[in-house]
Amino acid sequence: MSILIKNGRIITAESDYIADLYIEGESIQAIGKNLNYTADKTIDASGKLVFPGGIDPHVHLDMPFMGTSSSDDYETGTRAALHGGTTTVIDFILQTQGDTLHNALETWQKKSRGKAIGDYSYHMAVTDFNDAVAKEVVQLIEQEGITSFKTFMAYKGALMIDDGQMVQLMKVVKKHGGLVTVHATNGDMIDSLIAKHRSEGKLSPLYHYLSQPEVTEAEASGRFADMLEYTGCPGYIVHMTCEGALNAIRRATTRNQKVFVETCSQYLVLDASLYEDDFEGAKWVMSPPLREKKDQVALWSGINQGLIQVVGTDHCPFMWEQKKMGKDDFSKIPNGHPAIEHRMELMYTEGVGKGKISLNKFVEVTSTNAAKIFGMYPRKGTIAIGADADIVIFDPNKKHQLSVETHHMNVDYSGYEGWELTGKCETVLLRGNVAIEDETCHLKAGFGQFVSRGKTSLTI
Ligand code: URP
Ligand code: ZN
Ligand code: ZN
């Protein structure tokens, strides 16, 4: 199969120009003006933006969590991602405490093989660190192409490791060229606030938010940075939400430390006023919770200052019936938010459209930096000769509305019902194949491939 894309405005993290793209097989073969190739398919991209397929490095597909499982599996989740211009996702494997990393890997391979439509990779969440696990970490880096290791400083008893385990893990990961990522919130502080609110009969979703004040995230982010500084390990903070946590990383830069930071689209566009004192607020019960307007300002600035390199989603959807597990107690509401489909279009409308970020920055934070940090660049994350032809042809003027009636995620509500967006992913290619056209997915379950990853190549 060959595809010629004519006259598109090609945007990468560094460049912006009008040209043609010629794709043969799975990769980009030629870029230039007036390319003279005969292709199986020609797409006129005049007036359209052409940018690299999005990479969402923070999704939870078919993940057992809080007594239930996230409602998108690899098929529905990666299909929804493709509709929204995201061609590659990185999901989290969860080690079961007391069990091996390899058993967890096998479990996730069964969930994804033959099911994924889009390309995918895995982070390994280490929830129980010991000498045997240390050996497995090395094997994952050297033999499986899994180079990032997720840790939790919260969710005690299920996912959390202590600071001693964290430091030991960092030492092994550093030695073998990997990266430690973290859910940075102070789990003990949060657990005690949850207990206090429950004992006072304060049980609505609002108290989920009030149990995780900004200081719980700021403290843990600073502590994580200190442990990275001590061990020399490269690190990445997932789903940062607030000014206090960002300032902890800003302070770390004054000792010339470099810590990668991700925020998520919901923290840039939604705020804590959604936690009204009724159960509707459960739609936005996620951890960390939504924050204040001043935090949104800090996060957008952090992106432009280069302190935040990546915008992901932390996509972790639950059906309304599942959210209702916490109808009478906020601490039982499964934490998570559906967003995999909307990240690129939200970032375009709210970021580029409202003048908060440039088009190049948009590509950098939705695709290129994730590819570099997580060892997939330049195969993924850019438009260049030899790169995978993962491409979005984007109509910057098309207006549309977000709704549960039209989204493709397997979840029966939308956190963005009725939102008006300007700019739509019109055609999406994955490795030179038409994935999305005419609002239809043309690829089948099993098309998605596992992406084996290498070392970080981003310097900040
Ligand atoms: O609320 C969230 N974020 N759910 C998914 C698990 C996590 O902490 O990322
Ligand atoms: Zn988390
Ligand atoms: Zn997450």
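Order of listing sets the numbers, starting from 1, for every ligand and every atom in it.
With respect to atom 1 (O) of ligand 1, the closest heavy atom belonging to the protein is Ser287 N, 2.7 Å. Given atom 7 (C) of ligand 1, the protein heavy atom at minimum distance is Tyr155 OH, 3.6 Å. Residue, atom and distance of the protein heavy atom nearest to atom 3 (N) of ligand 1 are Asp314 OD2, 2.5 Å. Remark: minimum distance from atom 4 (N) of ligand 1 to any protein heavy atom is reached at Asn335 O, 3.0 Å.
No hydrogens or angles considered: a donor-acceptor pair under 3.5 Å links the side chains of Thr76 and Asp73. A donor atom on one side chain and an acceptor atom on the other are found under 3.5 Å apart for Ser331 and Asp329. One side chain, Ser287 or Asn335, offers a donor N or O that lies under 3.5 Å from an acceptor on the other. Thr185 and His183 form a side-chain donor-acceptor contact under 3.5 Å, judged by distance and modelled atom types alone.
Residue Cys316 has at least one heavy-atom neighbour below 4.0 Å for each of these atoms of ligand 1: 5 (C). The contact set between ligand 1 and His183, taken as ligand atoms under 4.0 Å from a residue heavy atom, comprises 8 (O). Atoms of ligand 1 lying under 4.0 Å from any heavy atom of His58, numbered from 1 in the order shown and given with element: 9 (O).
Proximity of the aromatic rings of Trp320 and Phe279 is defined here by a centroid distance below 6.0 angstrom, and this criterion is met. In this structure, His337 has its ring center closer than 6.0 angstrom to the ring center of Tyr416. Checked against a 6.0 Å centroid threshold, the rings of Phe450 and Tyr122 count as neighbours.
Taking the six-membered ring for Trp and thresholds of 30 and 60 degrees, Tyr348 and Phe362 have ring planes more than 60 degrees apart, a perpendicular arrangement. In this structure, Phe374 and His123 have perpendicular ring planes: the angle between them is above 60°, well past the 30° mark.
When rounded to 10 degrees, the angle formed at the Zn ion (ligand 3) by NE2 (His58) and NE2 (His60) equals 110°.
For the side-chain hydrogen bond (donor to acceptor under 3.5 Å, both in side chains) with Thr241, the qualifying choice from Arg291, Glu292, Gln296, Gln266 is Arg291, the only one to do so.
Asp91 has no carboxylate O lying under 4.0 Å from a charged side-chain N of Lys111, or vice versa, which leaves the two without a salt bridge.
The closest approach between any non-hydrogen atom of His337 and ligand 1 is not below 4.0 Å.
Closest heavy-atom approach to atom 5 (C) of ligand 1 among the candidates His239, His60, Gln266: His60.
The Zn ion (ligand 2) has His183 ND1, His239 NE2 as its protein N, O or S neighbours under 2.8 Å.
Contacts of Met286 with ligand 1, taken as heavy-atom pairs under 4.0 Å, involve both backbone and side chain.
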